[in-house]
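Shown next, in structure tokens, is the structure this report addresses.
These numbers were taken from a predicted model, which means no experiment stands behind them. By convention in this document, chain letters (A, B, ...) are assigned in the order of the sequence lines, proteins followed by strands, and residues within each chain are numbered from 1.
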Number of protein chains: 2
Amino acid sequence: MSNSGAMPLNQRIRGDIEGNIRSGAWPPGHRIPSEHALMVEYGCSRMTVNKVLAMLADAGMIERRRRAGSFVSRPHPHIEQVALEIPDIPIVVAARGHVYGYRLLQRQLRKSRAGHPQEHELGSQDRLLALQCLHLADGRPLALEQRVIDVATVPEALQQDFGVLAPGSWLLRTVPWTRAQHRISAVNADATQSAALAVAVGTACLVIDRHTWRGEQPVTYVRQVFLGEAYDLVARFAPGLR
Amino acid sequence: MSNSGAMPLNQRIRGDIEGNIRSGAWPPGHRIPSEHALMVEYGCSRMTVNKVLAMLADAGMIERRRRAGSFVSRPHPHIEQVALEIPDIPIVVAARGHVYGYRLLQRQLRKSRAGHPQEHELGSQDRLLALQCLHLADGRPLALEQRVIDVATVPEALQQDFGVLAPGSWLLRTVPWTRAQHRISAVNADATQSAALAVAVGTACLVIDRHTWRGEQPVTYVRQVFLGEAYDLVARFAPGLR
DNA sequence: CAGTGGTCTAGACCACTAT
DNA sequence: TAGTGGTCTAGACCACTGC
């Protein structure tokens, strides 16, 4: 096949191969034509197909072994990864067709508390900006957010009163972060949480704990407690993620 | 710098750049040296640095614009993705130092039930293998699993009685799948779940719903109900995932 | 318009390994 | 040992776009 469309050749090759993999036509373990075969098939130089295959290997879609050839990857069953989407709450509320609401419950400048390892990971003797706020959808409570911001890393946060704009939204726009970690669990709402969320004590809630760093500097730690029935997370997996 | 080590030049270049990004030395938005500059710095041809930068761009770590240059990516705040690890339950139990246990509660060959959209997505008039089983850690219930397997896609499943080996483990080893989707939520345990898990009715549980396909063919649908206190999911984010 | 990336060539030598 | 990938070269032309 010659390059009939306006698309660059390498993109066409990549598209063809990815299509065969994603459609299942080439199942995991299937052997992909060699660089030489593809070079002949597409009438191009070896570097062109090599770059395509190297990228697919880099993305984890294929595995390459000298002398043996290139093969469609098997999803690794033991330490599997899926792409989990954790959007900013106002965005996701709007995306689901609800009216977003926000209420600041507490704003406090203090030192890190003893017995709170999450806070201790932030600047230990530095000051922390502690916030408690509520996210609402169509006027009804959706999530309770408890957040601490490391003032040493984000001094600009002191200028913000967070009365109108949720701290998460502000941080995401303002502070470039490089690393984050999440922990997802389920809890029965305690007295404080049930009061804030206006549900019965013991209601199942989905909890997201999130740490964010910029390089080695901690930026923020947040715990978001969602009504389990009203919120969920969706993750997908396809070869190569993304 | 000349190539002092045994490492291929492109890997060294990539390592240098990735190091600068992951360490935060080059924060999001930072401009990366041009291909020409890197070519001079490393004393190599342009193709070598181009391949490195193209791969980093493909991995989402950098963004490239003609005439403007290459820049460290900003994590996208709105539709952000994190890598969520969802290992096979026996593996994760063992990894946490517990003794894994398994009990098959039910095994049934039947048609898909009306009013169950998850089952209807599987082969509609085909037969389904419906399983209910329990995962235990140190002899105590950890998760209740309700699974249906599409017999049309996985006929070998009929030969398995799943009395000893968990169906998830067997499937992951046996059936090559190409796509999966997960939904994570929190529920209060109902009568069935609380009985199986030996906890009080209403206990908060973490629920993972998972669909798996091979190409366009559905393979299996499973709902795993975990004790919220005993299990959690961890996700991380770093530039370029992986 | 000049600098940047995007693509591509037609070779080369080497490393590894399945047969 | 022959086939495969891994790496690299020294150019080339083009497309775009910010200065």
Worksheet item: Arg214(B) and Asp150(B): salt bridge (Lys or Arg N to Asp or Glu O under 4.0 Å), yes or no, with the steps?
Response: CA-CA 11 Å; Arg214(B) 173 176 179 172; Asp150(B) 192 315; over 6 Å; no
[X] has an atom [atom1]; how far is it from atom [atom2] of [N], in whole Å?
X        : N      : atom1 : atom2 : answer
Arg64(A) : dG3(D) : CZ    : C1'   : 13 Å
Met39(A) : dG5(D) : CE    : P     : 11 Å
Glu35(B) : dG6(C) : CD    : P     : 7 Å
Leu38(B) : dT4(C) : CG    : P     : 11 Å
Leu53(A) : dT7(D) : CG    : P     : 13 Å
Phe71(A) : dG5(D) : CZ    : P     : 9 Å
Asn10(B) : dT9(D) : CG    : P     : 10 Å
Arg66(A) : dA2(D) : CZ    : C1'   : 15 Å

Response to the item:
Picking from dT7(D), dT4(C), dC8(C), the nucleotide nearest the side-chain atoms of Ser34(B) would be dT4(C)
Worksheet item: Which residue, Met47(A) or Arg67(A), contacts DNA chain D at a nucleotide closer to its 5' end, judged by nearest heavy atom?
Response: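 It is Arg67(A), whose closest nucleotide lies nearer the 5' terminus.
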Residue-phosphate contact under 4.0 Å: [X] side-chain N/O, [N] OP1/OP2:
X        : N      : value
Gln11(A) : dG6(C) : no
Asn50(A) : dG5(D) : no
Arg65(A) : dT4(D) : no

Fill in: Interatomic distance, Ile62(A) atom CD1 to Ser70(A) atom OG [nearest 0.5 angstrom]
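Atom-to-atom, Ile62(A):CD1 and Ser70(A):OG are 4.5 Å apart.
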Worksheet entry | Gap separating the CZ atom of Arg96(A) from the CD1 atom of Ile91(A), nearest 0.5 angstrom | 13.0 Å
Fill in: Position toward the 5' end of DNA chain C (nearest nucleotide), Ala68(A) or Thr48(A)
Thr48(A)
Item to complete: Assign each of Arg31(B) and Arg46(A) to its nearest nucleotide of DNA chain C by heavy atoms, then name whichever residue's nucleotide is nearer the 5' end.
Response: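 With Arg31(B) and Arg46(A) compared, the 5'-side residue is Arg31(B).
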Item to complete: Assign Ser45(A) to base, sugar-phosphate, or nothing according to its heavy-atom contacts below 4.0 angstrom with the strands shown.
Response: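 The residue Ser45(A) makes base contact.
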Item to complete: Indicate, with a heavy-atom threshold strictly under 4.0 Å, whether Glu63(A) touches base, sugar-phosphate, or nothing.
Response: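 Answer is nothing: Glu63(A) stays at 4.0 Å or more from every strand.
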Worksheet item: Between Glu35(A) and Arg64(A), is the closest basic N to carboxylate O distance under 4.0 Å?
Response: yes
Worksheet item: Which word best sums up how the rings of Phe162(B) and Trp170(B) line up, parallel for under 30°, tilted for 30 to 60°, or perpendicular for over 60°?
Response: perpendicular
